[in-house]
Amino acid sequence: MWTNWSGGQECRPTATVRPLDDSGVSAVVRRAAERGQAVRPVGSGHSFSAIAVTDGVHVDLSAFSGITGIGGRPSGPTVRVRAGTTLARLHDELADRGLALAAPLELAAPTVGGALAVGMHGSGPAVGSLSAAVVGLRLVDGRGRLRDVAAADLDAARTSLGALGVVLEAELAVVPAGRVRVTREPRPVEEVLDEDFWTAHPVVEAAVFPSASTALTRWLEPRPDHAEDDDGEDDEDEPERTVGVTVAGATGRTALGGATLVERALPRLVPRFNRAVSRLARTVTATGPMHRVLSSPPAVRFEQTEWALPRAAMAAGTRELLAALADDHLEVGLPVRLRVGPPETGWLHPAHDRPTGWVAVRVPRGTDHAPVLERAWRVLRDHGGRPHWASRSDWTAADTAASYPRLPDFRRVRDDYDPDRVFATPALDAVLGD
């Protein structure tokens, strides 16, 4: 039995195989195709959607780990990294080489292949997702052939939902490593919903409880290597260890855990508890490498829906969502998370071709998530939202066709890479059609 991180998705694949090299992956795909079985690569299971669910064959790429080479292009340095590499290992190996990802990704467990497949992103007005860093990909296609993705097909493959093949290795654009100062600070909600807030810092995000007038914010700025703190002492690494944008340090993790207990035992007290958490928030800072100060291991497990709204619709969509959750008594112990991103070139990336505001609604595991998430779907869809592929939604193939203008081009590439639909599953059929 395979179960995802949240426990909300499970399946019994016919087999789970762990190939050790490229030829092993090719053999697995060819054998499954001959038997009429579906193939799905599986990473850490951090997607909330059914994207990895299959009764066919799971391909575990954990043996495909580590950086395999350093290169360069006119635009800057690049690295080649195997698709089973966890983001934690990628960050560490890059840091050992004085390099870093431009996209700040805070979770440690997801794999490179999984993060690319669904368009995993951070938050910054000019910093794209991990998919935006892709300059080359190698994969095994639906006929078991090892292929380097052609430049003309790269925007199909950089966020492909695993529909084109089993990605083995990615070449990613990277940047020189540096230190940053991260600040967590409470701000009025109306200030956070103003566009100026989102353009004032290279990396910025916020979280809002529907009943609270104060948002919990986080942003970072580059910090010179030998800068001094305000007290005149040298900076020391002080990595944050909280969830999302919550109260700082251990207090934040305790508050979220307490909110979950309150929600399960006395749900009517959740709004009051959330307002208290917002009032207790204080300004704190930490300095260090970006991947360390942004590291946020989740304090509780949850189900999530996240939607990519046109940036111009983010404020109105968020206001309507917060009001709907409060009015319908659907507030939970986790805040609505707000992030931003630039337009993406990936044909199936939810931020394709438009500046984006990301709005995520989370419900702690052990409570009924359906009423909250379904309410969020209705509101965010009405504001032009596209769901994140890793999150729960009621999205259909007709919705995809209406919202992604390059879907016909993606289907053309899919017909080339997987003409027999070896990588198809019910979940993919539901959002891509056949």
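Note that these values count all heavy atoms, side chains included, but never hydrogens, waters or copies made by symmetry. Here, residue 1 is the first one in the sequence, and each next residue gets the next number.
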With sequence neighbours left out, write down each residue that passes salt bridge (Lys or Arg N to Asp or Glu O under 4.0 Å) with [X], or none if nothing qualifies.
| X | value |
| --- | --- |
| Arg89 | Glu93 |
| Asp21 | none |
| Arg386 | none |

Decide, yes or no, whether a salt bridge links [X] with [Y] under the criterion of side-chain N to carboxylate O below 4.0 Å.
| X | Y | answer |
| --- | --- | --- |
| Arg339 | Glu205 | no |
| Asp155 | Arg406 | no |
| Asp153 | Arg147 | no |
| Asp399 | Arg381 | yes |

Contact between [X] and [Y] at the side-chain level, heavy atoms closer than 4.5 Å - yes or no?
| X | Y | value |
| --- | --- | --- |
| Leu164 | Arg414 | yes |
| Glu374 | Asp394 | no |
| Asp22 | Val140 | no |
| Leu107 | Leu105 | no |
| Gln9 | Phe48 | no |
| Pro335 | Arg362 | yes |
| Thr318 | Val208 | no |

Quiz question: by atom type and distance under 3.5 Å, do the side chains of [X] and [Y] form a donor-acceptor pair?
| X | Y | result |
| --- | --- | --- |
| Thr16 | Asp60 | no |
| Trp5 | Ser44 | no |
| Ser6 | Glu303 | yes |
| Thr305 | Trp307 | yes |
| Ser129 | Glu344 | yes |

(request) Among Val59, Val57, Ile51, Val53, find the one that has a side chain to side chain contact (heavy atoms under 4.5 Å, CB included) with Arg40. (result) Ile51

(request) Would you please test Leu161 and Val431 for side chain to side chain contact (heavy atoms under 4.5 Å, CB included) and show each step? (result) CA-CA 10 Å; Leu161 285 69; Val431 295; 4.1 Å; yes

(message) What's the separation between atom CZ in Arg337 and atom CD in Glu306, rounded to the nearest 0.5 Å?
(response) 7.5 Å

(message) In terms of relative ring orientation, are His349 and Trp358 parallel, tilted or perpendicular, with 30° and 60° separating the classes?
(response) perpendicular

(request) Return the orientation label for the His291 and His91 ring planes: parallel under 30°, perpendicular over 60°, tilted otherwise. (result) parallel

(request) Flag yes if more than 12 heavy atoms outside Asp96 fall under 6.0 Å of its CG atom; otherwise flag no. (result) yes

